[in-house]
Amino acid sequence: MEAAPAVDAPALVFVGFMGAGKTTAARAAAAALGAHAVDSDAVVEERLGQRVEDYFASHGEEAFRAHEEEVVCGLLAAPPGPAISLGGGAIGSARVREALARHVVVLLDVDPDTAWRRAGGRRPLARDRERFEALYDERRPVYESLADAILTDSSREVVRRAVPAIAALRATPPGTRMLWARSASRDYPVYVGDGVLGAPREIGGRSFLVTDEIVGALHGARAGDVAAAVSIPPGEAAKTWEQAGRVLRALAAARMGHDDHVVALGGGVVGDLAGFCAATYQRGVPVVQLPTTLVAQVDSAYGGKTGVDLPEGKNYAGAYHQPAAVYADPTVLATLPGGELAAGWAEVVKTALVAGGPLWERVRRGEPGVDADLVVACARMKLAVVAQDERDAGRRQVLNLGHTIGHAIETATGYTRYRHGEAVGLGLLAALTLSDQPALRAEVAALLATHGLPTELDPAVDHVTVLGALEGDKKRRGGRVGFVLVEAPGDVRTGRSVRDDDLVRALGELSA
Ligand SMILES: NC(=O)c1ccc[n+]([C@@H]2O[C@H](COP(=O)([O-])OP(=O)(O)OC[C@H]3O[C@@H](n4cnc5c(N)ncnc54)[C@H](O)[C@@H]3O)[C@@H](O)[C@H]2O)c1
């Protein structure tokens, strides 16, 4: 393979912290594009005639950074190949950050423990663990602000699969970001950005649109060319076996084939139902999720849980079926009714409590606006959990925070009194009482109220019926309901048992 001559086309530029695997990833990406990768550290070493650590030791960091800036700016001005990896600190230079603007910047995300395991003790800035972590915290927001694509795995196979999806960013509206989602059953791209709903989609075969009557009328025209479209009535009441049967028959009548795919345009109801139809149609066809509610953009479109409700219970029939791709366009939320937006905020607050860190810090400020950053942060949290545990064997249960009592409230009120998100908000407050976190509970209650969510249970709701619904849940799960409790934002524990009198107290506090 020959290195490609310098070209004007944007390159894929891999950035990230020490130990993230940038060099390996850039090599894999270049190989997938039939070329050689360029590593900025290697070019700097060639120019200096010595190893980075030796130069660091004799001349200090500042002198090294000056050489690095020259080299990197040169590479970015005339990329010698389609994939370049940068030294972890190169983005400290304003000139480098500016020069990156015309390229596709790929962040290889790595957690501090993994980074330390790989780089600790071996690099000039990785001698001392505390300094290493401080540097990690300092650089992280810079990497994130530059990233067009975020990968959490630098292995050759994963990068090879992700390269076409990264390259496809060139055809999306400016500012679009791509997250590469991983799970045991499949990997897929998640594109988030204003206007991305209308972007060309990189998936073969014909598109068969499934939507609801409201969303179809508002946004259907932006969902691209489709071979056929089928609508269900709006709302949870349509998430049924009967509607799924109708959709499956409509797909069959339109002669959808195995090489075609379903496009799910709508909120969580459409996403779950269309995903379920895709999982079962001819034993499985791909589904592309185009989420249009806040609930769907921050939560339900990712992770592959699909299904319908039965009269006997919510989500009683379903399948795991990961999407082939997700396109989340926050601009479509402009038409979402206020109550639906509020319901989505309950999931945002839940996600932030599970994630802790910068997401919790942002969410606790209570700002009302939703933007692509918020969607990206929530999606990343969920994707990280699903990557570890696709099928709810352990870690994924953290996502049920607030849902145990939330579901019991929904069941006890016949799914009509509260929206799912509203019940989850109340469930979060009960979970915080059970977690013995009065200050955090007060803070979350104030946050939910800011977003227009209820913080007190309607006095007409009978606590005994809610406790009965929890008992029903217990039977379903072999005699035990494992509660998800919060030690602190970012530290959430699953499988906790809770005493009956504490449950009574938590419900009592909800009605106080
Ligand atoms: N699969 C998962 O992991 C997962 C996670 C969370 C929730 N869910 C499921 O999601 C469902 C709730 O989803 P939801 O809250 O999105 O409700 P939804 O899909 O019923 O949408 C709510 C309402 O908003 C309308 N709507 C949607 N997008 C709109 C837009 N852009 N402009 C105007 N109106 C719009 C819909 O027509 C509907 O009337 C529940 O069934 C829940 O079980 C699934």
Side-chain angles (χ1 to χ4, degrees), residues 181 183 197 210-223 231-240 243-244 264-276 278-279 287 289-310 313-323 326-348 350-351 354 370 375 378-379 381-383 385-386 389-392 396-403 406-407 410-411 415 418-425 427 453:
S183 74
L197 185 61
V210 179
T211 186
D212 76 28
E213 287 153 7
I214 293 178
V215 179
L218 286 169
H219 301 294
R222 290 170 64 200
S231 293
I232 60 170
E236 188 74 29
K239 199 174 131 180
T240 61
Q243 288 295 337
L265 175 73
V269 165
V270 166
D272 281 11
L273 182 139
F276 179 60
V287 59
Q289 294 282 355
L290 307 182
T292 65
T293 61
L294 186 55
V295 168
Q297 294 198 354
V298 298
D299 188 344
S300 65
Y302 323 103
K305 280 192 184 177
T306 73
V308 294
D309 304 332
L310 299 183
K314 195 170 146 63
N315 296 327
Y316 254 43
Y320 286 95
H321 190 56
Q322 299 295 340
V326 182
Y327 294 77
D329 180 348
T331 64
V332 300
L333 302 178
T335 56
L336 196 61
E340 298 300 339
L341 199 62
W345 272 103
E347 300 288 3
V348 172
K350 174 206 79 174
T351 305
V354 175
V370 175
V375 173
C378 291
M381 199 291 292
K382 179 154 183 188
L383 295 174
V385 171
V386 175
D389 173 21
E390 183 178 6
R391 302 212 161 193
D392 256 340
R396 188 163 179 168
Q397 286 164 23
V398 296
L399 301 175
N400 290 336
L401 176 63
H403 282 62
H407 273 159
E410 282 184 281
T411 309
Y415 299 94
Y418 293 108
R419 287 189 179 88
H420 175 70
E422 293 170 340
V424 167
L453 286 158

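Heads up: numbering here begins at 1 and tracks the sequence. As a basis for the values below, the full set of heavy atoms in this structure was taken, side chains included, without hydrogen atoms, waters or symmetry mates. Both counts, for ligands and for their atoms, begin at 1 and track the order of listing.
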Give the minimum heavy-atom separation between D392 and D389, together with the two atoms involved.
N-OD1, 3.2 Å
Numbering the atoms of ligand 1 from 1, which are under 4.0 Å from a heavy atom of P234?
37 (O), 39 (O)
Contact check: E347 vs ligand 1, nitrogen or oxygen atoms, below 3.5 angstrom:
no
Is L218 touching ligand 1 with its side chain, its backbone, both, or neither, if touching means heavy atoms under 4.0 Å apart?
side chain
Mode of R419 contact toward ligand 1 - side chain, backbone, both, neither (heavy atoms, under 4.0 Å)
neither
Closer than 3.5 angstrom, by distance alone: can the side chain of E347 be matched with the main-chain N or O of G421 as a donor-acceptor pair?
no
Of N315, T292, L333, L341, which has the heavy atom at the shortest distance from atom 28 (N) of ligand 1?
T292
Could you tell me whether the side chain of T211 and the main chain of L265 form a donor-acceptor pair under 3.5 Å?
yes
Those atoms of ligand 1 less than 4.0 Å from some heavy atom in P337
33 (C), 34 (N)
Non-hydrogen atoms of V375 and A328 that approach each other most closely:
CG1-CB, 4.2 Å
Give a yes or no answer on whether the side chain of D309 reaches the backbone of K314 with a donor-acceptor pair at less than 3.5 Å.
no
Do Y302 and V326 come close enough that some side-chain heavy atom pair is under 4.5 Å?
yes
Shortest protein heavy-atom distance from atom 21 (O) of ligand 1, along with the residue and atom involved:
T293 CG2, 3.6 Å
How close does the nearest protein non-hydrogen atom get to atom 26 (N) of ligand 1, and which residue and atom is it?
V215 CG2, 3.6 Å
Does some side-chain heavy atom of W345 sit less than 4.5 Å from a side-chain heavy atom of L453?
yes
Looking at E390 and R396, is there a salt bridge between them, counting it only when a charged N and a carboxylate O are closer than 4.0 Å?
no
Please indicate whether any nitrogen or oxygen in A296 is less than 3.5 Å from any nitrogen or oxygen in ligand 1.
no
Polar contacts were defined as any N/O atom of the residue lying under 3.5 Å from an N/O atom of the ligand; does this apply to V332 and ligand 1?
yes
Using modelled atom types only, decide if a donor and an acceptor are shared between the side chain of Q322 and the backbone of G304 within a distance under 3.5 Å.
yes
When distances are taken from atom 4 (C) of ligand 1, the protein heavy atom at minimum range is S300 CB, 3.2 Å
Which part of V269 is near ligand 1, with near meaning a heavy atom under 4.0 Å away: side chain, backbone, both or neither?
both
Name the option, out of T331, D329, T335, that contains the heavy atom nearest to atom 32 (N) of ligand 1.
T335
Would you say the side-chain atoms of E410 pair up with the backbone N or O of R419, donor to acceptor, closer than 3.5 Å?
no
Applying a strict 4.0 Å limit to heavy atoms, is G235 in contact with ligand 1?
yes
Working to the nearest 0.5 Å, report the span between CG of L218 and OG1 of T335.
5.0 Å
Heavy-atom contacts under 4.0 Å between E340 and ligand 1: side chain, backbone, both, or neither?
side chain
Is a donor from one side chain sitting under 3.5 angstrom from an acceptor on the other, for K239 and N315?
yes
Counting only heavy atoms, which portion of I214 has something under 4.0 Å from ligand 1: side chain, backbone, both, or neither?
side chain
Strictly distance-based, threshold 3.5 Å: is any side-chain N or O of Q297 a donor or acceptor partner for the main-chain N or O of P291?
yes
For atom 14 (P) of ligand 1, grab the closest protein heavy atom and report residue, atom and distance to one decimal in Å.
G268 N, 3.5 Å
the protein heavy atom lying closest to atom 36 (C) of ligand 1 turns out to be D212 OD2, 3.2 Å
Rounding to 0.5 Å, atoms CZ (R222) and OG1 (T292) come to a distance of 11.0 Å
Looking only at distances, please establish whether an N/O atom of ligand 1 is found under 3.5 Å from an N/O atom of D299.
no
Do D299 and K382 meet the salt-bridge criterion of a basic N to acidic O distance under 4.0 Å?
yes
So which heavy atom in the protein is nearest atom 9 (C) of ligand 1, and how far is it from that ligand atom?
D272 OD2, 3.4 Å
Proximal candidate to atom 41 (O) of ligand 1 [heavy atom criterion; set E213, K305, H219, E236]:
E236
Look only at interatomic distance and state if K382 has a nitrogen or oxygen under 3.5 Å from any nitrogen or oxygen of ligand 1.
yes
For atom 43 (O) of ligand 1, find the nearest protein heavy atom and state the residue, atom name and distance (0.1 Å precision).
K314 NZ, 2.8 Å
Counting heavy atoms only, which part of A343 comes closer than 4.0 Å to ligand 1: side chain, backbone, both or neither?
neither
In terms of residue, atom name and distance, what is the protein heavy atom nearest to atom 35 (C) of ligand 1?
L336 CD1, 3.5 Å
